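Down below is the structure, laid out as structure tokens.
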Amino acid sequence: MYWGLRAQNHRGHQSHGFLTCDKDEFYSYKSLDLVPKLKTTEIQNWFERLPGNIGISNVRYTTSGKCDDQSIVQGTQPMMAEADGIKLAVSFNGNIVNTQQLLKEVSQHFPSFAFSCDSDLVCNKLLLELKGGKDLAAAVKATMLALDGAFSVIGIIGDGTFFAFKDPHGIKPLCAGHSPDGKILVFSSETVSLDINGFERDFELEPGELVLATKDGFKRHQLIENPKKAFCAFEFAYFARPDSRFNGKYVYEIREEFGRNIVKEFPEISKDADIVLSVPETGDDPAMGVHEASGLRWERASRRHRYVTERAFILLDNERYSTIDRKVNILSSKVAGQRVIVTEDSVVRGDTTKIVIEKLRKSGAKKVYMFVTFPRIIGPCFYGIDMSTYGQLIGSTHSDEEIAKIIGADAVCYQSVDSLVKATGCSRDELCLACVTGKYPTPLAQKFADKMKKKFLEGYKEKSRIYEDAEESQGVQW
Ligand code: SF4
């Protein structure tokens, strides 16, 4: 569990936590920041602190609730709850849109419930269903139907039941696997946590599916009939590790294809360049694709500082500038006088890309063309990626040409939605593309997006994340 979580630290760096179950008792260890190095001298302490043979773990970055240290501590998962002798713990990946509605319901039944973030609500909502006498499948189904949003959940009940489920759209990844001797069963967001342990991948959970890990193997229960899949397309461009597999394909191969696609879509610009560079590391794989399709040399002249580990995208605004400035270094002599294509996974606010371009210009680059693998982001994400207001998205109110001007590029060339979809191996209606198309897979998100976009375009200044602001604006306070 330790190595599996460490392999996925890119999915959240603000806090980490482990929880085990032994003889009806839960034991947990939680802390802030990255999963720490495991010192040989401390291994025994870890085993003593976390006894048992079932466990769940989580790394988190905040997309719901407050971002101060105390709130991050409270929001650190796994979450635990107990009522009427039922103990439940969950590790949750995603984001819930109808938190206020759930908060009302949960607080009515658990008056002492202290709300910290959406994962807490999911845990308590499921407990509420179990407490009402439902079996696990019925309780999970009721929870699935009550939530609007994205949720991949792994959980343990105090009696040792170990399970996982995915929301009816399957927005977040979650797979199942086993150890070579078949004695250990595992659920994980990405396959890298199986690889690091030498485990085999069995299957990706289906949208609306509940899976139990039992002594006799996995037991699968499809709880939602004809679910409408909407897997997050941003996983392919940015979030997942390149050595993870979705749909039987390495994310790396898909990102290479993205690079080849942009060359095909912008042949004239490709001909007007001397070299290709990447914004490391998510830009590296598409750079390989650009190199292959254009014949341009991939110059490894943008180097990343190995020990500045934060991902710029998931930092707070005031941390982002200095981190990207410290993280990426340019080898000036390789860039001076050159017309450069720079591959980048996405342009969200535009500020990190701007810094890279400034650095390239200072190093003497004659032209800078941005090749961006994720299409222009025009709307916020409701499902667990922290780009959550129209105001922060440069693409929500600016054209490609305007964006190029603002960030100092000679051109910004986005991969088209159609090419992205084709490269993933999924069909268009199996993907969530809401932030680039404005079509949200869940009804409440669509309602909030339409309402808040209209207000934003009329001059409204967003106060917080769209799903929090929209609920507040309906008269419900946090
Ligand atoms: S809105 Fe965008 S980032 Fe959010 S889940 Fe959908 S594709 Fe992913």
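Please read all numbers here as calculations on a predicted model, not as lab measurements. As the structure lists them, so they are numbered: ligands from 1, and atoms in each ligand from 1. Position 1 is the first residue of the sequence; numbering continues from there.
The distance from atom CZ of F258 to atom CZ of F236, rounded to the nearest 0.5 Å, is 7.5 Å.
Atoms of the protein (N, O or S only) found under 2.8 Å from atom 6 (Fe) of ligand 1 are C432 SG.
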* Could you please spell out the steps behind the ring pair (Phe, Tyr, Trp, His ring centres under 6.0 Å) verdict for F231 and F246? => CA-CA 10 Å; F231 184 78; F246 296 132; 5.1 Å; yes

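Among residues two or more places apart in sequence or in another chain, the side chain to side chain contact (heavy atoms under 4.5 Å, CB included) test is passed with N247 by C426.
Aromatic ring centres of F165 and F187: separated by at least 6.0 Å.
For ligand 1, the atoms lying closer than 4.0 Å to a non-hydrogen atom of M387 are 3 (S).
Between K166 and E206 there is no salt bridge, since no side-chain N of the basic residue sits under 4.0 Å from a carboxylate O of the acidic one. Between R428 and D418 a salt bridge is recorded (basic side-chain N to carboxylate O distance below 4.0 Å).
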